[in-house]
Amino acid sequence: MPVHTSEISRGNHGRGVGLGLALGSAVAFGGSGVAAKPLIEAGLDPLHVVWLRVAGAALVMLPLAVRHRNLVRERPALLAGFGLLAVAGVQACYFASISRIPVGVALLVEYLAPALVLGWVRFVQRRPVTRAAALGVVLAVGGLACVVEVWAGLSFDVLGLLLALGAACCQVGYFVLSDQGGDAGEEAPAPLGVIAYGLLVGALVLTLVARPWGMDWSVLGGGADLDGTTVAASLLLGWIVLIATVVAYVTGVLAVRRLSPQVAGVVACLEAVIATVLAWVLLGEHLSAPQIIGGAVVLCGAFIAQTSAPAKGSPAPVAQGVGGGADGADATDGSGGVERERLSERLPERGTAG
């Protein structure tokens, strides 16, 4: 029927835009380490770099916070949760973990988040999850283990492991909270306002943790070494703030709104692959054969996961693929499509806790 064809076309377009935003977010987030490492090697403490990143992004987004100030009254819990989990929690837990365990191990544990997101969708939201989505997560995590070469450093303490797991849980919060109100239409909380206030809350929390008043500010006025090339520290900081934070969070939240937390979460695994490739190109950190193979496996996992669930607003449930139901019938089949629409009208969709 023409109506169903039009709906499927719009759904495919929305999915394409969502995947483009998710990939853009992964590239933006993945470039943060390449710019941050020269600053750390120039003398800045890692936590100070994180504080500069979040505080700078909060200043950039401040006009949007003023514009959407009604969110403080309407959705205070969402803003506080996004700031504490999606901004401050992920950053603080990750950097604290790498001070105790190898970076590769910490990164692998953090990117268990897509698997945790699937668990949230299945057991908390009580929505079905496809086998393809689960397979995508397994492939992505397995490939990521090769990318970070987890076997290169398996000596770690319990506290470091718990901190990395804390970063993973906070990242789950990022995906779940980004999806808040995504199906509410015009009543949905403005994503740019949520990000702006999240960054403000995160900056305040990280100020207490990083204590920037003890930072060596003179480093920002000099240069930093980028694989033998001297680059202005202020230029690197500008990249971290504008691209790796503002653009990364904006495209990431918009991607979750158009896709779903579980699909966007698996695509986000590409961040580690992109970060490794950028470090190879810009920092001279060469890739080994297992890393290249692992990157390909992560790509396969992301592809399988993103084809397993419909775009936001599509009539098919999470348990089905884009093109069919449990019996393999095409989604544009007349009777099946009408029945699903009637069923969706009788059974309101479960959302995340608001």
Side-chain angles (χ1 to χ4, degrees), residues 21 24-25 28-29 31-32 35-36 39 44-96 166-167 169-182 184 187-215 217 220 234 236-257 261 264 268 352-354:
L21 290 169
S25 179
F29 273 125
S32 62
L39 293 177
L44 286 180
D45 185 90
L47 275 179
H48 289 160
V49 174
V50 173
W51 180 83
L52 287 169
R53 172 185 184 178
V54 175
L59 288 176
V60 172
M61 298 289 286
L62 187 58
L64 290 171
V66 175
R67 180 179 179 181
H68 298 288
R69 56 186 177 276
N70 60 305
L71 286 174
V72 177
R73 181 182 67 258
E74 297 173 357
R75 305 299 293 269
L78 173 61
L79 302 184
F82 195 87
L84 290 173
L85 297 176
V87 179
V90 172
Q91 302 293 337
C93 287
Y94 173 71
F95 277 93
C169 293
C170 289
Q171 194 174 67
V172 172
Y174 162 69
F175 290 114
V176 172
L177 292 174
S178 296
D179 192 45
Q180 285 287 301
E187 297 180 0
L192 295 182
V194 173
I195 296 168
Y197 278 104
L199 288 169
L200 285 172
V201 172
L204 290 175
V205 173
L206 288 172
T207 297
L208 300 177
V209 176
R211 292 176 288 183
W213 46 85
M215 181 172 55
W217 293 89
L220 299 177
S234 57
L236 293 173
L237 180 60
W239 174 274
I240 294 173
V241 170
L242 297 176
I243 305 300
T245 308
V246 174
V247 172
Y249 272 104
V250 169
T251 53
V253 171
L254 293 177
V256 175
R257 291 282 182 95
T352 53

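- In this structure, the side chain of R257 does not engage the main chain of G252 through any donor-acceptor pair within 3.5 Å.
- The shortest non-hydrogen separation linking A55 to A203 is CA-CB, 4.0 Å.
- Summarising the geometry, atom OG belonging to S32 is positioned 7.5 Å from atom CD belonging to Q91; distances are rounded to the nearest 0.5 Å.
- Across every non-hydrogen atom of T251 and G24, the tightest pair is OG1-C, 4.1 Å.
- For the atom pair CG of L220 and CE of M215, the computed distance is 6.0 Å after rounding to the nearest 0.5 Å.
- Contact between V54 and G202 at its shortest, heavy atoms only, is CG1-C, 3.9 Å.
- Taking 4.5 Å as the limit, every side-chain heavy atom of Y197 sits out of range of all side-chain heavy atoms of L78.
- Here L64 contributes atom CG and I195 contributes atom CD1; the two are 9.0 Å apart, rounded to the nearest 0.5 Å.
- The closest side-chain heavy-atom distance from P189 to E74 is not below 4.5 Å.
- Note that CH2 of W213 is 8.5 Å distant from NE2 of H48, once rounded to the nearest 0.5 Å.
- In this structure, CG in L199 is found 11.5 Å from CG in L79, a value given to the nearest 0.5 Å.
- Heavy atoms only, all atoms of each residue included: A244 and A248 are closest at O-CB, 3.4 Å.
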Checking V50 against V209 for the side-chain contact (heavy atoms from CB on, under 4.5 Å) test, could you report, in this order, the C-alpha distance in whole Å, the side-chain angles of both residues, the deciding distance, and whether it holds?
CA-CA 10 Å; V50 173; V209 176; over 6 Å; no
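- With contacts defined as side-chain heavy-atom distances shorter than 4.5 Å, the pair V172/L85 does not qualify.
- Residues V201 and V87 are not in side-chain contact: their nearest non-hydrogen atoms beyond the backbone lie 4.5 Å or more apart.
- When all heavy atoms of T245 and V241 are compared, the closest pair comes out as CB-O, 3.3 Å.
- Taking 4.5 Å as the limit, every side-chain heavy atom of V194 sits out of range of all side-chain heavy atoms of V253.
- Relative orientation of the W217 and W51 rings is perpendicular, given thresholds of 30° and 60° on the angle between their planes.
- Side-chain contact between T207 and P212 is present, with heavy atoms from C-beta onward closer than 4.5 Å.
- Here the side chains of L52 and I240 are not in contact, with every heavy-atom distance at 4.5 Å or above.
- Residues N70 and R67 come closest through the heavy atom pair OD1-O, 4.4 Å.
- How far CZ of F29 is from OH of Y249: 5.0 Å, rounded to the nearest 0.5 Å.
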